Amino acid sequence: MSINLHTQFQYDPAYKLIQLTPELLEILEKNEAGSNTGLQFKSLSAEGTDVVLCSDDKTWLIKQKNHSNTVLLMKEFVPENDIQVSEESLFGLRQPEDNYLAFANTSYEYETRAVEGHLNLNSLLMYDGERDFPLGADEGSLLHSFDELADDSPCSKKECLSQWHQLGGCTISNVLCILSQNFLSKALNITLVSIMSENLPLDDLKLDATYEAVRKGMEDAESSTFSPYSKEVVLTVLNKFGISTKENTAWELDMLTIAKWYGLEALQTYVRNSSLSVDEFLIKWKSLFPAFFPCDIDVVMLRGHYYVPTSGYIQYLSKDTLPSEVKSRFRSLFELQSTWVLEDIEPFIKEFNTKGLKIDNFIMKFAKRKQITDRNRKITITTVTSR
Amino acid sequence: MPKVSVSRSRLLQLRDEGQCSVVTPLGTAMLEIQGDLAMEIASDGCDPGDPRVSVLQGQQIFRFGLLDLHGTSREATLYIGQKQRMVGKLVKLDVPMGVLHFDTATQTAQLQDIIRYRLIFRDRPLPIM
Amino acid sequence: NFTPGDTTPTPKDSVRIWVRYKSGFSNAVRKNVSWDALWQ
């Protein structure tokens, strides 16, 4: 079978090739019926920012991969006039019946790399419990609905919502904002105290009942003064510290997240500049919770936020204060602590493992391994030391 | 924030049901050559009397070669002009490729087709014998 | 030292098209894309 090949004199640069990974194909299949593919390109600005491709729940970074071959995109067409190929141009083949036309010559393809989408925080204010909010803010830059925020973020909607909950996103006076760490701590504490005093079920909390408990608690405390603990704030607390059940009509408290929140506060309050024994630290940590709050704690919950200056002691360590270059990061960590348990050091360095190696193999590039067998517990602990 | 939804005007056959033809069900083909496809047009323009020139939808197009598909073997020969012959084959792409059209005038993006196979010509051109 | 194609009379030669072969293939360069680049 032979085919005539034609070309346009000018190729159309508007055609681009994009890699369709199995996940992207699945999304296209899911939306097979309509004209909308369920995919959207987004970028923070026209120039100087990355372009991402978003589905409802995932985000891909677009990268342009140039190559040195000629890749022609061709389409079948029916000629307007009869085409007869001269005998000497047929090289013994039969007269072609089909005709293809090259309409684009692509020198690159778009790679689609799954990434974590990021919420655009540029237009969000911080709320610290003040009565007058937003005071003196530029009305034009404020956001009033979550949909606006999701629309304005290079991120899928589902990722936006999950990050919004993680960050403590809230709506105060019809303006989108993030609750400050300090205010969110107070709001959490008041919510937990109120839930306990009203004996609400920790695994089946309703927004209205929880808010009612908080309101009652505030009334009892100081009547007639302004309470910043609105229903929206209580909702933010439930979304940040609870797991929603029954299609967002109820929440179950997420004990691990709550324990970590108080633990981080304990690290920053009690062992920021000097260490404490682990036992003393655990007592301090427990003291931050509302009385009788049923929550297990263990220092390993706080991995990635502390180091062990001497055996049995603990001190706060913020990743933000460590060098941002990998070798210096390892050097700093080993200056603070000469031997690390693998699981303890992992959160401080995993961001550098961009090739996705097995984490111990990655660490071995910068450190030595030492196996310690604990006879009492009959397990082998892998520790790493400076290389 | 700049954004555009990806739409499509034609139903794409999304599932790969053992298809292994040169063109997609919508009639698109991908032809890859290791090297450049060079074109030179005389300074007084292309001669409309040249039998290789024809007109499609008001636009001049040029017949530059011939593709010979060898039955079901997936092997193919590409003849470029009167002098060059390349031997290649039809291969499945590792990752299927979407053909997107970005229309500047309407600021729309449209998925035109999905390509799973390409004709690839990797070897040095041979003389035509 | 000629190829048969050289002796074949070609109709008119106002257009020439040929493959300039490359002995290698490269695709090392990857770069992030800007919004404006999508529409160019």
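All of these numbers come straight from a predicted model, not from anything done at the bench. Just so it is clear: chains get the letters A, B, ... in the order the sequence lines come, proteins before strands, and each one is counted from 1.
Counting heavy-atom pairs under 4.5 Å between each of Leu56(B), Leu119(B), Val95(B), Leu37(B) and chain A puts Leu56(B) at the top. Of all the listed residues (Val78(A), Leu44(A), Val51(A), Asn120(A)), the one sharing the greatest number of non-hydrogen pairs under 4.5 Å with chain B is Leu44(A). With chain A as the partner, the residue from Gly81(B), Gly35(B), Ser54(B) showing the most heavy-atom pairs under 4.5 Å is Gly35(B). Ranked by non-hydrogen atom pairs under 4.5 Å with chain B, the options Thr37(A), Leu93(A), Asp151(A), Asn81(A) are led by Thr37(A). Most heavy-atom pairs under 4.5 Å with chain A, from the set Gly27(B), Ala109(B), Ala76(B), Ala29(B): that is Ala29(B).
Using a 4.5 Å cut-off between heavy atoms, Leu66(B) touches chain A through backbone and side chain atoms alike. For a residue to count as touching a neighbouring chain, one of its non-hydrogen atoms must lie under 4.5 Å from one of that chain's; by this rule Gln59(B) touches chain A with the side chain only. Looking at Leu78(B), only its side chain comes within 4.5 Å of chain A, counting heavy atoms on both sides. Contacts of Gln110(B) with chain A are absent, with no heavy-atom separation under 4.5 Å from either backbone or side chain. For chain A, no part of Ser9(B) is nearby; none of its heavy atoms comes within less than 4.5 Å. Contacts of Tyr79(B) with chain A are made by side-chain atoms alone, with heavy-atom separations under 4.5 Å and no backbone atom involved.
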Mind running side-chain contact (heavy atoms from CB on, under 4.5 Å) on Leu25(A) and Ile114(B) for me, showing each step along the way?
CA-CA 9 Å; Leu25(A) 279 172; Ile114(B) 295 175; 4.1 Å; yes
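The CG atom of Asn31(A) lies 7.0 Å from the CZ atom of Arg8(B); values are rounded to the nearest 0.5 Å. With rounding to the nearest 0.5 Å, the separation of NZ in Lys42(A) from OG in Ser5(B) is 9.5 Å. For the atom pair CG of Leu72(A) and CD1 of Ile33(B), the computed distance is 5.5 Å after rounding to the nearest 0.5 Å.
With contacts defined as side-chain heavy-atom distances shorter than 4.5 Å, the pair Ile61(B)/Thr7(A) does not qualify. The shortest distance between side-chain heavy atoms of Leu111(B) and Leu28(A) falls below 4.5 Å. Considering only heavy atoms from C-beta on, Leu17(A) comes within 4.5 Å of Met30(B) through its side chain. Within the 4.5 Å cutoff, the side chain of Gln19(A) has heavy atoms near those of the Met97(B) side chain. Taking the side chain as every heavy atom from C-beta outward, Phe91(A) and Gln82(B) approach each other to under 4.5 Å.
Aromatic ring pairs are classed by plane angle as parallel below 30°, tilted from 30° to 60° and perpendicular above 60°; the pair His101(B) and Tyr15(A) is tilted.
The two residues Glu32(B) and Asn69(A) come nearest to each other via the heavy atoms OE2-ND2, 2.8 Å. Contact record, Met1(B) with Ser43(A): CG-O, 2.7 Å, taken as the closest heavy-atom pair. Closest heavy-atom contact between Arg63(B) and Asn4(A): CD-OD1, 3.4 Å.
Tested against Leu73(A) for a side chain to side chain contact (heavy atoms under 4.5 Å, CB included), the candidates Asp113(B), Leu31(B), Ile115(B) yield a single pass: Ile115(B). Considering Thr24(B), Thr28(B), Val23(B), Leu26(B) in turn, Val23(B) is the only one that fulfils the side chain to side chain contact (heavy atoms under 4.5 Å, CB included) rule with Glu76(A).
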